[in-house]
Protein chains: 2
Amino acid sequence: MLKEEAGATLPVDSIILGDCVAELAELPDRSVDLVFADPPYNLQLQKDLLRPNNSKVDGVDDDWDKFSSFENYDQFTNDWLAQCRRVLKDDGSLWVIGSYHNIFRLGTQLQDMGFWILNDVIWRKTNPMPNFRGRRFTNAHETLIWAAKSQKSRYRFNYEAMKALNDDLQMRSDWLMPICSGPERLKMETGKKAHPTQKPEALMGRVILASSNEGDVVLDPFSGSGTTAAAAKKLGRHYIGIERDPDYARIARKRLAEIEPLGDDAMKVMQGKRQEQRIPFGSLVELGLISPGTVLYDHRARHEARVRADGSIAVKGAQGSIHKMGAQVQGSSACNGWTFWHVEKEGTLTPIDSLRDVARRQLEATS
Amino acid sequence: MLKEEAGATLPVDSIILGDCVAELAELPDRSVDLVFADPPYNLQLQKDLLRPNNSKVDGVDDDWDKFSSFENYDQFTNDWLAQCRRVLKDDGSLWVIGSYHNIFRLGTQLQDMGFWILNDVIWRKTNPMPNFRGRRFTNAHETLIWAAKSQKSRYRFNYEAMKALNDDLQMRSDWLMPICSGPERLKMETGKKAHPTQKPEALMGRVILASSNEGDVVLDPFSGSGTTAAAAKKLGRHYIGIERDPDYARIARKRLAEIEPLGDDAMKVMQGKRQEQRIPFGSLVELGLISPGTVLYDHRARHEARVRADGSIAVKGAQGSIHKMGAQVQGSSACNGWTFWHVEKEGTLTPIDSLRDVARRQLEATS
DNA sequence: CTCCATCGTGAATCGTTGG
DNA sequence: ACCAACGATTCACGATGGA
């Protein structure tokens, strides 16, 4: 489909096969309402990573993610961002997604090019890959940056729609969503994943619903498996995807052919997860509800444990969680530490579970 | 207090009044274990960017003021980061915290200076300020970057302590914590808040607990109300704070004088196997905990091995270490023989790893 | 059919020590 | 410097298959 825009034609509702910088150059100035870009992350993986069971992690080792230096990556970023900026309408806005490997470089370049950052948004994964070697924190999120073309831009933000998606509370900058897996994950005939980094449609869906209107043109310069285009089509937006790899482009086109526009109601079935309310014992310590050094007792004060700064407890030289140590002193295999252990308050013993309610109220986040 | 470090003295456990770059220059090379920095967002920059801008809306070419402001901020960042890098021990690590206004510039500079990013960590606020005008998402988080001095650095990470804080699950990169308010928030005599951006002590507490050991030196070049120093003192670390504003420095010193370090037992955290004394398998045989000739099994008794007098084991004619043979029978390249091989005890299979604890205690008692 | 145990897998910058 | 050996380490889901 071709759409008339400021005298030039726009190849909307198509996946263009080609290098994004070259293909972007063919598009007219100020013709696109929204850009979503998921560029290569420049992961710089050093060697194979084994799981504890010695199986190999199928990491991203594709050629398209190889850059020889930060300088090289910055040049690449500058090239495609400059083109995106040119084709973006003055009141349009742009999203990029990345991890700590590349997101700081993307953000810096956006600012240097005159983009006006509106929010950084955190995609919190419900089911990230663990850190197998126990050397860092679980890398459980990715970062999106939402930016207007300039400070004076009258960008679109569908505040009420976002609020409605969040039980009538303002949508926050942290979004909780599962990674793309199960039936949504596109597979080859062999059963292998079709694309190494396919994003969940719910993520793009929220982005598109938040920052564009029906009939707008959404551009994705790194289209990949076509998730942005798919979400756009479902939500009644026009899409332009650019993809260098013929296989990915073919997969995306096939995917798009099977999609019916659904309207904004589609979001209701794509929704993110409701905030979970797990309260670890460590939070009670950090919140100051229990000080390190406090003595815990079982309900008849036959056993004693001492709370430590990391939320572990110590019993006669042994150490562990409230659950493990509760089980150990009883000689049983499992124990609910929340009901087993008590603190002394005004002469009586109270289960630490009662403090958890206090913690829950203090930690009530509205995402 | 002065601490001798590589021939120069380190003014530990004090808040230094002065400009951070100048004062950092006085500290010796490679003398600090951990840096935590909460740099200003640069109000100058904010002011410039908010100034009405009469350049054309579609300026791919940047407004000069804007560019020079970012440049100024980058120069400032470079100055203090370079000093921090110099005083940081080779195996130390550094944290910075910021928002989307400055965090991308901080991250880019860290990478350009050779720091090796370990994680970006999201502080999710339970009680953020709402977006009053409904033009953006509620800015509900801040970003921390944790970086080692170099890729080769053997940085500290108290994995087990972090796991303990999170109810025996790996600590993730998203941390949920309230902002600093209530009694923790320092007030002036007038009741006004003493510092505009006082961070919660729980946040610094987790940072310090995660990436330093007792007795380490923690440096905060933008000390402010002294939260980093307070958390460090409480957790038995030495602190050095640098603060330019005499009022803030005074408040921080007063605050620190009232803080008592936690007791020795309360300060202890979970120790992992990595910290424990190494016991070769041969010691178990020598100590008589396993007799030569004992049969070892994998956990489902699919493989058998026989222990030999020299601490090697034999499987079907082949022989070698518990690790080598474990790998061999599984057809994998590596194996932890301690958890792979089991002995039969009262009808059940127990990992030989449990015997290692016994050996460790026996060897400790006799040494 | 259900239920349960097992297995596979996801954008990952994922060792240390002694010879 | 390099190399070999030691040995530490995983969470949430979906798919699969046997009982």
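Quick note on labels: first sequence line is chain A, next is B, and so on, each numbered from 1. Values below: every heavy atom of this structure, side chains too, minus hydrogens, waters and symmetry copies.
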Any N/O pairs under 3.5 Å between the protein and nucleotides 15-19 of chain C? List them or say none.
from	atom 1	to	atom 2	distance (Å)
C/dG15	OP2	A/Arg133	NE	3.1
C/dG15	OP2	A/Arg133	NH1	2.7
C/dT16	OP1	A/Arg135	NH2	3.1
C/dT17	OP2	B/Arg154	NH2	2.4

Task: Sugar-phosphate only, base, or nothing, as touched by B/Ser321 at under 4.0 Å among non-hydrogen atoms - done: sugar-phosphate
Task: Heavy-atom check, side chain of B/Asp174 versus side chain of B/Val121, under 4.5 Å - done: no
TODO: Take the protein atom CZ of A/Arg136 and the nucleotide atom P of D/dT9, then report the distance between them rounded to whole Å.
DONE: 17 Å
Open item on the list: Here's a test for you: under ring-ring contact (aromatic ring centres under 6.0 Å, His included), which of B/Phe36, B/Trp123, B/Trp146, B/Tyr155 qualifies with B/Trp95?
Closed with: B/Trp146
Task: Side-chain heavy atoms of B/Leu209 within contact of B/Val269, under 4.5 Å - done: yes
Task: Rounded interatomic separation in angstrom, taking CE from A/Met177 and P from C/dA11 - done: 15 Å
- [ ] Check whether NZ of the Lys or CZ of the Arg A/Arg244 lies under 6.0 Å from the centre of the six-membered ring of A/Trp64 and within 45 degrees of that ring's axis.
- [x] no
- [ ] Name the nucleic acid region contacted by A/Leu50, choosing base, sugar-phosphate or nothing; use a 4.0 angstrom heavy-atom cut-off, strictly under.
- [x] nothing
Open item on the list: Using side-chain heavy atoms (C-beta onward) and a distance below 4.5 Å, is B/Leu106 in contact with B/Ile97?
Closed with: no
Open item on the list: Between A/Pro130 and A/Ser181, which residue's closest nucleotide on DNA chain D lies nearer the 5′ terminus?
Closed with: A/Pro130
Open item on the list: Say we look at D/dA15 and C/dA11: how far apart would their C1' atoms be, to the nearest angstrom?
Closed with: 23 Å
- [ ] Report, as yes or no, whether the 6.0 Å neighbourhood of atom CD on A/Glu71 holds more than 12 heavy atoms from other residues, nucleotides or ligands.
- [x] no
Open item on the list: Please give the distance between the C1' atoms of C/dG10 and C/dC14 as a whole number of Å.
Closed with: 15 Å
TODO: Could you check whether A/Thr126 gets within reach of a base, just the sugar-phosphate, or nothing at all, counting any heavy atom under 4.0 Å?
DONE: sugar-phosphate
Task: Sub-4.5 Å side-chain heavy-atom contact between A/Tyr248 and A/Leu186 - done: no
- [ ] Before accepting this row, confirm whether a basic side-chain N of the pair B/Lys273/B/Glu160 lies closer than 4.0 Å to the acidic partner's carboxylate O.
- [x] no
TODO: Looking at every strand, decide which applies to A/Pro200 at a 4.0 Å heavy-atom threshold: base, sugar-phosphate, or nothing.
DONE: nothing
Open item on the list: Looking at A/Lys66 and A/Asp63, is any side-chain nitrogen of the basic one under 4.0 Å from a carboxylate oxygen of the acidic one?
Closed with: no
Open item on the list: With a 4.0 Å limit, can you tell me whether A/Lys56 has a side-chain N or O closer than that to the phosphate oxygens OP1/OP2 of C/dT9?
Closed with: no
TODO: Would you mind classifying the nucleic acid contact of B/Asn166 as base, sugar-phosphate or nothing, using non-hydrogen atoms under 4.0 angstrom?
DONE: nothing
- [ ] Could you work out the separation of D/dG17 and C/dC1 based on their C1' atoms and round it to a whole Å?
- [x] 15 Å
- [ ] Between B/Arg300 and A/Pro196, just flag the one whose closest nucleotide in DNA chain C comes earlier from the 5' side.
- [x] B/Arg300
Open item on the list: For DNA chain D, please output the secondary structure as dot-bracket, reading 5' to 3'. Pairs are Watson-Crick or G-U wobble, both atom distances under 3.5 Å; mark crossing pairs with [ ], other-strand partners with |, unpaired with a dot.
Closed with: .|||||....|||||||||
TODO: Taking only the side-chain nitrogens and oxygens of B/His323, find out if one of them lies under 4.0 Å from OP1 or OP2 of D/dG7.
DONE: yes
- [ ] Specify the separation, in whole Å, of atom CG of B/Asp168 and atom P of D/dC11.
- [x] 9 Å
Task: Length of the CG-C1' vector between A/Asn54 and C/dG8, whole Å - done: 15 Å
Open item on the list: Is any side-chain heavy atom of A/Phe67 closer than 4.5 Å to one of A/Gln44?
Closed with: no
Task: side-chain N/O A/Ser55 vs C/dT9 OP1/OP2, d < 4.0 Å - done: no
- [ ] Could you work out the separation of D/dA8 and C/dG18 based on their P atoms and round it to a whole Å?
- [x] 14 Å
Open item on the list: Can you tell me which nucleotide in D/dA8, C/dG10, D/dT10 comes closest to the side chain of A/Ile179?
Closed with: C/dG10
Task: For DNA chain C, the residues among residues 182-194 of chain A that have a non-hydrogen atom under 4.0 Å from it - done: A/Arg185, A/Lys193
Task: A/Pro128 or A/Asn131, whichever maps to the more 5' nucleotide of DNA chain C - done: A/Pro128
TODO: Would you classify A/Pro40 as touching base, sugar-phosphate or nothing, given that sugar-phosphate means primed atoms plus P, OP1 and OP2, and contacts are heavy atoms under 4.0 Å?
DONE: base
Open item on the list: Please verify the inter-ring angle class for B/Phe340 with B/His303; under 30° counts as parallel, over 60° as perpendicular, anything in between as tilted.
Closed with: tilted
TODO: Just call it for A/Cys180: base, sugar-phosphate, or nothing, with non-hydrogen atoms closer than 4.0 Å on any strand.
DONE: nothing
- [ ] Specify the separation, in whole Å, of atom CD of A/Gln44 and atom P of C/dA11.
- [x] 19 Å
TODO: Nearest whole angstrom, please: distance from the P of D/dA4 to the NZ of B/Lys324.
DONE: 12 Å
Open item on the list: For the C1' atoms, the ones on C/dT9 and on D/dT10, what distance do you get once it is rounded to whole angstrom?
Closed with: 12 Å
- [ ] Could you tell me whether A/Asp58 and A/Lys193 have a side-chain N and a carboxylate O separated by less than 4.0 Å?
- [x] yes
Task: Whole-Å distance separating the CG atom of B/Asp167 from the P atom of D/dC11 - done: 12 Å
Task: Nearest listed nucleotide, side chain of A/Met129, among D/dA8, C/dG10, C/dA11 - done: C/dG10
Task: Closest listed nucleotide, where the reference is the side chain of A/Lys199 and the choices are D/dC11, C/dA11, C/dC14 - done: C/dA11
Task: Among B/Asp91, B/Asp33, B/Asp90, the one residue meeting salt bridge (Lys or Arg N to Asp or Glu O under 4.0 Å) with B/Lys149 - done: B/Asp90
TODO: Assess whether atom NZ of A/Lys254 is packed by more than 12 heavy atoms of other residues, nucleotides or ligands within 6.0 Å.
DONE: no
Open item on the list: Students often get this wrong, so: under 4.0 angstrom with heavy atoms, is A/Trp123 touching a base, only sugar-phosphate, or nothing?
Closed with: nothing
- [ ] Give the rounded distance in Å between these two atoms: CD1 of B/Ile322 and P of D/dC6.
- [x] 8 Å
Open item on the list: Assuming nearest nucleotide by heavy-atom distance, tell me which of B/Tyr159 and B/Trp338 is located more 5' along DNA chain D.
Closed with: B/Trp338
